[in-house]
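Inspection log for the structure reproduced underneath, given as structure tokens.
Computed from heavy atoms alone, side chains included, the values below leave out hydrogens, waters and symmetry copies. Every chain is numbered from 1 and lettered A, B, ... according to where its sequence line falls, protein lines coming before strand lines.
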Amino acid sequence: MRFLLVRDGTGTIQAVVFKGNVAPEVFEAVDQATQESSLTVTGTVKEDSRAPGGYEMDVSHCEIEQIAGDYPITPKDHGTAFLMENRHLWLRSSRQHAILRIRHEIIRAVRDFYDDNGFTLVDTPILTPAACEGTTTLFEIDYFGEKAYLSQSGQLYNEAACMSVGKTYCFGPTFRAEKSKTRRHLMEFWMVEPEVAWADLDDIMKLAEDFVSYIVQRVLEERKEELERIERDTAPLEKIEPPFPRISYSDAFSLLEAKGTETPRGSDFGGADETILSCSLDKPLIVHRYPKDIKAFYMQPDPEDSGFALCMDMLAPEGYGEIIGGSQRIHDADLLLERIREHKLPVKAFKWYLDLRKYGTVPHSGFGMGIERVVSWICALDHVRETIPFPRMLYRMYP
RNA sequence: UCCUCAGUAGCUCAAUUGGCAGAGCAUCCGGCUGUUAACCGGAGGGUUGUAGGUUCGAGUCCUACCUGAGGAGCCA
């Protein structure tokens, strides 16, 4: 007799071929099958306590499509470099299969959340003419003799769209040319960005916590089996529901200083600081009102202290760190122009962006959430490279 | 860009103080058969990342470079 572990993309089952139950040439063909060979099996599924999963297929016929030779990935241990080199095959492994399915569920939840809450999806461009924040972090390309850049955010275009449809979101790939080599960075990643007219900082903090909770609960409901297969402890995820704790940058810094951080007050948190904050609670933590000098030019100043910006980051628990960054945007034309000049940005390139403040401007806010970091957290992975089918990383673009 | 570590068979790894380059898995051949990362017997498989250097002798020590991993910085 022969045992075949077969899969069809939806699951795996053990198929048993008894010598007496099939034609001799069929048994002979099955005998030649190697790991990852492709075939069509016909038979009867029955319960059997000896089979993995409790069920197996008693094979009556089998046709071999192709005999695979020397499949590189064996059931034994492999190193990261080797698996990345064979990413196109690694995707077939049960763990990677489960992660792909969870990623898909997260993306479905993202779309459903906004679609069901009155948001209109407006696609923003990937090719953009000007750099918003300097060119060092952007991939530059030749656009018929002109310089163009791969988008690192759809936000500015989102702001235009939300003045048309009120509540909008975009979801697509974003790019950055940062030479970051950490477990949380990719050169190409997917980001979802909602933008809401008439919303202030408090409104989008609420939106963000509702959104993240919805995603987590949806994965818990729909991808239980996959979470089990990757051995994700779901107890911490079950606690993810609104409201999330909030803390101001200033209070967070006092807390970190009490724990002996060496980061100077007024600068952004270091990796270690973020880890301390994100491990301190069992829900995501919202940190708001960072110093305006370390944040983007378009953020609305805090009316109570203009040294701070009406912005927020959400830090995922269990040490996963920042998954969301957002803010209330400046809606006053004069102030925005002043900030563009302060940041030494080309005013001309922002003419259309300033127009948005010239014609019926309203307060508005939005945020961006990196899909890969959320997948990484929900799946409890130790590196974002496993969250996306074909990661683009510093010094690795194959396969 | 900087710091640390690593690179030996297809894969994962050994190799004592500088002294014969090995094992398991995979592959191939044979046996066995309710197997679960099976078991038993046999076979093939190596320019030890590259280039120099020290030495009677280098996988091992030194120098440079290449590649990878981890971290830092950077990070709408």
Side-chain angles (χ1 to χ4, degrees), chain A residues 1-5 12-19 27 31-32 34-36 48-54 56 58 67-86 89-90 93-94 124 128 130-139 149-159 170 174-187 189 191-193 195 262-263 267-275 290 294-299 309 311 313 321-322 324-327 329 343 345 366-370 373 382-385 393-396 398:
Chain A
M1 67 194 303
R2 293 287 180 273
F3 297 94
L4 302 170
L5 199 57
T12 304
I13 192 169
Q14 172 171 280
V16 188
V17 188
F18 288 96
K19 204 163 189 169
F27 190 83
D31 202 30
Q32 300 303 311
T34 54
Q35 187 188 353
E36 285 302 311
D48 192 312
S49 60
R50 293 169 296 187
E56 65 183 18
D58 190 354
I67 299 287
D70 290 327
Y71 188 66
I73 299 175
T74 67
K76 302 290 178 184
D77 289 338
H78 295 289
T80 301
F82 178 79
L83 289 170
M84 288 312 304
E85 198 70 15
N86 289 283
L89 302 174
W90 190 22
S93 304
S94 67
T124 54
T128 56
C132 327
E133 315 262 332
T135 56
T136 52
T137 67
L138 294 172
F139 286 103
Y149 304 90
L150 297 182
S151 170
Q152 56 183 352
S153 167
Q155 183 205 310
L156 305 191
Y157 295 99
N158 254 353
E159 290 184 57
C170 66
T174 49
F175 308 87
R176 64 179 181 205
E178 286 302 325
K179 293 201 168 179
S180 301
K181 190 173 155 63
T182 81
R183 66 189 61 203
R184 303 217 319 267
H185 287 92
L186 293 169
M187 304 299 106
F189 64 100
M191 186 156 67
V192 55
E193 297 171 275
E195 192 74 31
E262 294 187 1
T263 310
S267 60
D268 213 342
F269 300 123
D273 301 320
E274 221 175 67
T275 304
Y290 285 69
I294 57 169
K295 287 292 176 181
F297 73 93
Y298 48 72
M299 293 185 179
C311 64
D313 282 0
E322 184 182 348
I324 281 179
S327 69
R329 325 301 190 188
H343 281 77
L345 296 167
F367 61 81
M369 185 185 83
R373 289 185 178 179
D382 52 19
H383 199 298
V384 287
R385 65 184 155 223
M393 299 185 293
L394 190 60
Y395 310 132
R396 179 183 289 283
Y398 175 93

Is there a donor-acceptor contact under 3.5 Å from the side chain of [X] to the main chain of [Y]?
X	Y	result
A/Tyr71	A/Leu89	yes
A/Thr263	A/Phe269	no
A/His343	A/Leu345	no
A/Glu193	A/Gly154	yes
A/Ser151	A/Thr128	no
A/Arg329	A/Gly366	yes
A/Arg184	A/Arg373	no

Over all strands shown, is [X] touching base, sugar-phosphate only, or nothing at heavy-atom distances under 4.0 angstrom?
X	value
A/Tyr71	nothing
A/Gln14	base
A/Phe189	base
A/Gly79	sugar-phosphate
A/Asp268	nothing

Quick check: on RNA chain B, is the nucleotide nearest A/Pro52 upstream (toward 5') of the one nearest A/Gly271, or the reverse? Name the residue that is more 5'.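 On the 5' side of the pair lies A/Pro52.
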Between A/Phe269 and A/Phe3, name the one whose nearest nucleotide on RNA chain B is closer to the 5' end.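 Mapping each residue to its closest nucleotide by heavy atoms, the 5'-most match is A/Phe3.
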Between A/Lys181 and B/A69, is there a contact of a side-chain N or O with OP1 or OP2 at under 4.0 Å? yes
At less than 4.0 Å, is any side-chain N or O atom of A/Arg385 found next to OP1 or OP2 of B/G68? Yes or no. no
In whole angstrom, give me the gap between the [atom1] atoms of [N] and [M].
N	M	atom1	value
B/G10	B/G45	P	12 Å
B/G42	B/A6	C1'	36 Å
B/C66	B/C39	C1'	44 Å
B/U8	B/U67	C1'	15 Å
B/C13	B/U17	C1'	23 Å
B/G52	B/C40	C1'	49 Å
B/A15	B/A21	C1'	7 Å
B/A51	B/C56	P	23 Å

Nearest-nucleotide pick for [X], side chain only, options being [options]:
X	options	result
A/Arg50	B/A69, B/U35, B/C11	B/U35
A/Phe18	B/C74, B/G68, B/G34	B/G34
A/Thr182	B/U27, B/G73, B/A69	B/G73
A/Met1	B/C11, B/U33, B/C75	B/U33

Walk me through whether A/Arg396 and A/Arg385 qualify under side-chain contact (heavy atoms from CB on, under 4.5 Å). CA-CA 11 Å; A/Arg396 179 183 289 283; A/Arg385 65 184 155 223; over 6 Å; no
In Watson-Crick or G-U wobble terms, both distances under 3.5 Å, what is the partner of [N]?
N	value
B/G18	none
B/G7	B/C66
B/U55	none
B/A72	B/U1
B/U48	none
B/C28	B/G42

Do A/Thr74 and A/Gln35 have side-chain atoms, one donor and one acceptor, less than 3.5 Å apart? no
Go through the side-chain N and O atoms of A/Gln155 and A/Tyr298 and say whether any donor and acceptor fall under 3.5 Å apart. yes
Do [X] and [N] have a side chain to base donor-acceptor pair shorter than 3.5 Å?
X	N	answer
A/Ser180	B/C75	no
A/His78	B/C11	no
A/Arg2	B/U33	yes
A/Glu56	B/G34	yes

Report each atom pair, protein N/O against N/O of nucleotides 37-43 of chain B, whose distance is under 3.5 angstrom.
residue, atom, partner, partner atom, Å
B/A37, N3, A/Lys76, NZ, 2.8

